[in-house]
Each structure stands twice: as C-alpha cells, then as structure tokens.
2 protein chains.
Amino acid sequence: MARPRNPLLSRERIVAAALELVDTEGLTALSTRRLAAVLGVSGPSLYNHFATKEQLMDAVVDEVVGEVDLSMWESVDTDGWAGPVTAWARSYRAALVAHPNLVPVLAQGPGRRANSLRLADAVFGGLVDAGWARGDATRIGALMRYFVYGSALGSFAGGFVDDQEIYAAEYPHLGQAHLLAEHRRSVDEGAFETGLTALVEGLSRQYPHPRRPTPGPSAAPSAAPPTGPRPRP
Amino acid sequence: MARPRNPLLSRERIVAAALELVDTEGLTALSTRRLAAVLGVSGPSLYNHFATKEQLMDAVVDEVVGEVDLSMWESVDTDGWAGPVTAWARSYRAALVAHPNLVPVLAQGPGRRANSLRLADAVFGGLVDAGWARGDATRIGALMRYFVYGSALGSFAGGFVDDQEIYAAEYPHLGQAHLLAEHRRSVDEGAFETGLTALVEGLSRQYPHPRRPTPGPSAAPSAAPPTGPRPRP
DNA sequence: ACCTGAACACCGTTCAAGT
DNA sequence: ACCTGAACACCGTTCAAGT
C-alpha cells in the first residue's frame, strides 16, 4: 500500500485502540504487532507516530489520568481541604479502577506527562491554598496517592483464590477467605472508604488548624525538611 | 553435558538468582534465557524446576513476603492493635522497598502463595484477637495493604523528573518539584509515616472500643456486609 | 510524510535426545 | 531425573523501499 493520501493512523486512534486492548485482554496482550493488527496496519507503522512502545504507553497512561476530576480544588478557599481531598481521591480511584490492567504502568510517577503534572499541580496548589505548609502539602499529596494507587492496584478481595481447600487446612483464620472473591467489589470499596475516612480524620487531628495561605506568588513543593508538626516516630 | 550426577540447579538457587537479577537490572531483564545464563545452564533447564515463568515469579514473590515480620501479632492480647499494626506496616513496607522492581508483581494478591497466606492469616487473626469484628478486620487488613503497596510501588518523589524547565513554565505550583528527586527517601518515608499515623489514629477514632474477642473457634473473614459503623458516604 | 516487508536480536515454551 | 540443542510462535525495533 505504501503511503495513503489520508493517513491511516493518528496518535489518538492508536492510544484509543491500545487502551481498549489493555482493558479487554490485559497488559501482556498489548504488543506493537497485535495493536497494529487491530488497527489494520503492519507493526512498524506505529513508529511513525511514537518513537517507542514506552512513549505510546505514556500517552495511554496520561489519557487515563486526564479522566480524573480536579474541579474540586478550585473551591478550597471556601470549602476547606477535607471535602476536596475526599472527592478527588474517589475520582482518582474511579479512573484507575476503570482500567485496572494499567495501574502498574500508571504507578511510575508523573514524569513528563501533561495530565499527571496538571493533577499534581492542582492538588499541591489546592492544599497550599487551604493553608497547609508546603512540606505538609507535599506529604499529603504523596500519601493520598499511595492509598489510591494501592487500592486500585490488584484487588484485595479478588486476590484470594476461590478454593476453600487451600485456606481451611493450613491457615486457621482464613476459613472463609475464598468467599471474598464473590464480594470483591463491596469489600474493596468498603476498605477504600474506611481508609479514606480514617486518613482525612487522622490528618485533621494531627494538624487541626492549617494556616491561611500567605499572599504573593504561589508556593512550590518544599524539598527541604518539613516544617509542620512531625508524626510520632 | 546432559544430566550431571549432582544437579546443577535447585529451586532455591533459581529463586535467589532471579531476585538478584530483578533487583540489579529490573523486571524486564528477567528472562528465562538470561536467568539461565547467570546460572550457567541453558534456558530450557529451568523448566525442570518450574512449570512456567509465572510459577517461578510466584516463588520469588513469596520469598520477599517471607521477610515480613509477623511476630508482633502474637502479643495483641496485651498490647492492643495499634502498636502491632504500625510495626507490621513498617516491616511490610521495608520488605517491599528492598525490592522495588518486584512490587507490581507482588501486588497481585496472595493467591496460593504460602507466605502471603501466612501473612493474611496472622493479620486477620491478630485484629480479631484484638477485638475487631470480622468485617472490620477484613477491611483494615485490606486498607493497610493498599497503603503499604502504594507507598512501595513507585516512589512519589522519584517520579518527578530532575529537570526544572519542564515544571516551572506550565505548572504554577510545581516550581521546585524537580528538587524532589534529591530528597526522595526522606519525602517518601515522611509521607508514609504521616499517612500511617493518620490511618491508625483515624481508625481509633472511628471505632473507639473494639469488642473483646468471643471465645470458641477462630473467626474467619466476613464476606457479608460489614457489621461495624460505616464510613460517611 | 507515512506505509510496507524483510531482517535483527530477542522472548517463553516444547520436545526429542542424551546420560 | 535433569540437562542439551533445535525448533515454534512470538516480541520491539530498524531500515531500505515504495508512493
């Protein structure tokens, strides 16, 4: 065929097809050759649009991160930080859970991905606007990320095999663990909500009165030792 | 060579070499062929000891999980749950952080792995012994796991590229984010400790008085709807 | 500029053959 | 029982060739 007069591919089409392939058949099913076949082209064609498979994955990942709602961070001044951080964590988790096979790839940090950086910027800026010291805002953003990623990465309940024999014999307290697989969604969501509530409540207790933000140019994440109260060692 | 009179390989040697290869060169460097080369044999030899690469990875993963200290769960009756859950979470994270390239593989649930099930059994049994209802114990075990895995899986601070240009121009609050890479360890550990303290404190406030355990056979994880107080929706 | 097939250096896994 | 080399069906990526 050689070069058609209308391009067969675009970055958008490739990313959409890759996401669908990962969602339906898993991360290992996403090879450049299979992806190209789905798109009706030959394998090397993809390299006209992405330099490497890794850059392609970056684009797929950033697409998913772009689905996270960040609008709640705009109203931090009037609403405080607890409501926004809770709503943001739920939206973040929902975006990841919609594409569970991608979570290990997502977990590699914001790097240079536009939507990932937009997210980090909104969260950090929102926490600082709410009155948190920069070191605290950095830590809170990080620890919320830990919790959200952990909750999306591999279901807890789904990780138990649905086979009673394995558990009952050897592990005295796991006699009904095989039932967890059935209730996977409710257990995972219940654990997430319980932990989210505990985190926000615990942070409120540790740091009861975040300072009002200082006027002037926006603060940036502190890389220096934290200035707020430290957790107990 | 064919069959030597003393076997060249053993499951233990293979697992140890695989773990070292993953630690030093990353997950993608662990191919059956490279692993075999390190061990001084040809690729297919491994299949005399493991049926598939996946089962080999299971053994590697379980070795790492076996490093987690569980002894604190024995003294729950006298010490309460908060100290043990904190000590356990720290030991768990330390075991994962020692092998960061393996965390995405570790995150796939206990499955049928002996040490992973032993861990789940000890944690669930300890929480129930401390007086938690079974549904609560299940959720607490799950949410702690979320937090520990998230904190080990991809550093928050290390995820930012060490390149000021990228951040300053586009993202108003990330002007110093590039410095995070330098302080990776202290930021990650500070965030972990802050979150851990908040979680334990938040759980204590939500459920101030866990019931004493009922006598009789050990309880099992409840797959039924949780019986304790629910988090706010 | 954008696609192709051929080619390179890899994979995981199977299997007959050797001792 | 435990190792070998050959082989199969895959990979990601490069590249000259086509329009």
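Just so we're on the same page: letters track the sequence lines, and every chain starts at 1.
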Rounded to whole Å, the CG-C1' distance (B:Leu9 to D:dC2) equals 9 Å
Closest to the side chain of A:Thr32, out of C:dT13, D:dT13, D:dC2, is D:dT13
Evaluate the side-chain proximity of A:His49 to A:Arg13: yes if any heavy-atom separation is below 4.5 Å, no if none is.
-> no
Closest to side chain of B:Val41, choosing from C:dG12, C:dC3, D:dT4 | D:dT4
Looking at the rings of A:Phe147 and A:Phe192, which for Trp means the six-membered one, are their centres under 6.0 Å apart?
-> yes
Any-strand Watson-Crick or G-U partner of C:dA6, both distances under 3.5 Å = D:dT14
From the candidates C:dC11, D:dC3, C:dC3, the one with an atom nearest any side-chain atom of B:Ser31 is C:dC11
Contact check, side chains of B:Ser45 and B:Leu9, non-hydrogen atoms, under 4.5 Å | yes
Report the distance from atom CZ of A:Arg134 to atom NE2 of B:His173, rounding to the nearest 0.5 Å.
-> 12.0 Å
Using atom CG of A:Leu30 as one end and atom C1' of D:dT13 as the other, report the distance to the nearest whole Å.
-> 15 Å
5'-most contact on DNA chain D: B:Asn6 or B:Arg33, nearest heavy atom basis?
-> B:Asn6
Answer yes or no: are there more than 12 heavy-atom neighbours, outside A:Glu189 itself, under 6.0 Å from its atom CD?
-> yes
How long is the span from the CG atom in B:Leu19 to the CG atom in B:Asn101, to the nearest 0.5 Å?
-> 10.0 Å
Could you state the atom-to-atom distance from CG of B:Leu8 to P of D:dT4 in whole Å?
-> 7 Å
Searching all strands shown, indicate the nucleotide that pairs with C:dA1 (Watson-Crick or G-U wobble; both distances under 3.5 Å).
-> D:dT19
Can you sort out which residues in residues 45-59 of chain A have a heavy atom within less than 4.0 Å of DNA chain D? Ascending by number, please.
-> A:Tyr47, A:Thr52, A:Lys53
Looking only at side-chain atoms of A:Arg34, point me to the closest of C:dT13, D:dC11, D:dC2.
-> D:dC11
Does a donor on one side chain and an acceptor on the other come within less than 3.5 Å for B:Asp23 and B:His99?
-> yes
Taking the side chain of B:Ser42 as heavy atoms from C-beta outward, which of C:dC11, C:dG5, D:dT4 is closest to it?
-> D:dT4
